[in-house]
Amino acid sequence: MRTLKEVKVGETVTVTRLNGSGAVKRRIMDMGITKGVEIKVRKVAPLGDPMELNLRGYELSVRKADAEMIEVE
């Protein structure tokens, strides 16, 4: 499986699984990133952190560390 961190700009993927536990996983879910959600990677900062995503009709920025916990297909 690949993670959200590996997705290229302009690509649209679907979340298959959230790794991590406790407060970190809860925070990711509170941002609207749940299993089955489509995410489009809009931009990545020059040093790769953070990533700007489009999901559920809004834009969201996530850190690489958080993106690594999100498995996509």
Side-chain angles (χ1 to χ4, degrees):
M1 272 286 147
R2 67 181 181 154
T3 64
L4 186 59
K5 179 182 168 189
E6 301 161 26
V7 178
K8 306 240 182 298
V9 174
E11 210 176 329
T12 301
V13 293
T14 304
V15 176
T16 56
R17 183 169 179 229
L18 294 177
N19 295 318
S21 61
V24 176
K25 185 174 182 178
R26 178 88 242 150
R27 192 184 67 207
I28 291 171
M29 291 174 74
D30 287 345
M31 289 189 281
I33 300 173
T34 55
K35 188 176 177 182
V37 169
E38 280 198 351
I39 298 177
K40 180 175 182 177
V41 178
R42 290 199 26 156
K43 295 182 211 167
V44 177
L47 298 175
D49 209 8
M51 303 174 75
E52 188 177 299
L53 312 173
N54 229 352
L55 66 139
R56 297 183 188 255
Y58 67 91
E59 293 174 4
L60 176 69
S61 291
V62 297
R63 294 181 298 216
K64 276 197 290 190
D66 292 339
E68 261 183 315
M69 295 182 205
I70 303 165
E71 288 185 11
V72 296
E73 63 179 10

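Since this is a predicted model, take the numbers as computed values, not measurements.
- The nearest pair of heavy atoms linking V62 to A67 is CG2-CB, 4.4 Å.
- Residues T16 and V72 are not in side-chain contact: their nearest non-hydrogen atoms beyond the backbone lie 4.5 Å or more apart.
- In this structure E6 satisfies the side-chain contact (heavy atoms from CB on, under 4.5 Å) test together with R2, T3, sequence neighbours excluded.
- Considering all non-hydrogen atoms of both residues, M29 and L18 come closest at CG-CD1, 3.4 Å.
- Evaluation of the side chain to side chain donor-acceptor pair (under 3.5 Å) rule for T34 yields R56 as partners, not counting sequence neighbours.
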Could you list the donor-acceptor pairs under 3.5 angstrom formed between side-chain atoms of residues 19-26 and any protein atom two or more places apart in sequence or on another chain?
from, atom 1, to, atom 2, distance (Å)
N19, OD1, R17, NH1, 3.3
N19, ND2, E71, OE2, 3.1
R26, NE, D30, OD1, 3.4
R26, NH2, D30, OD1, 3.3

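- Residues satisfying the side-chain contact (heavy atoms from CB on, under 4.5 Å) test with E59, not counting sequence neighbours, are R42, E52, N54.
- Cluster membership check: V13 shares its hydrophobic cluster with Y58, using side-chain heavy-atom separations under 4.5 Å among Ile, Leu, Val, Met, Phe, Trp and Tyr.
- Distance check, rounded to the nearest 0.5 Å: NZ of K5 to CD of E68 gives 4.0 Å.
- Put simply, CD1 on I70 and CG on L53 are 7.5 Å apart, with the number rounded to the nearest 0.5 Å.
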List the steps and the verdict of side-chain contact (heavy atoms from CB on, under 4.5 Å) for I39 and T12. CA-CA 6 Å; I39 298 177; T12 301; over 6 Å; no
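- Between D66 and I33, the closest side-chain pair of non-hydrogen atoms is not below 4.5 Å.
- Cluster membership for M51 and L47, using ILVMFWY side-chain heavy atoms within less than 4.5 angstrom, is not shared.
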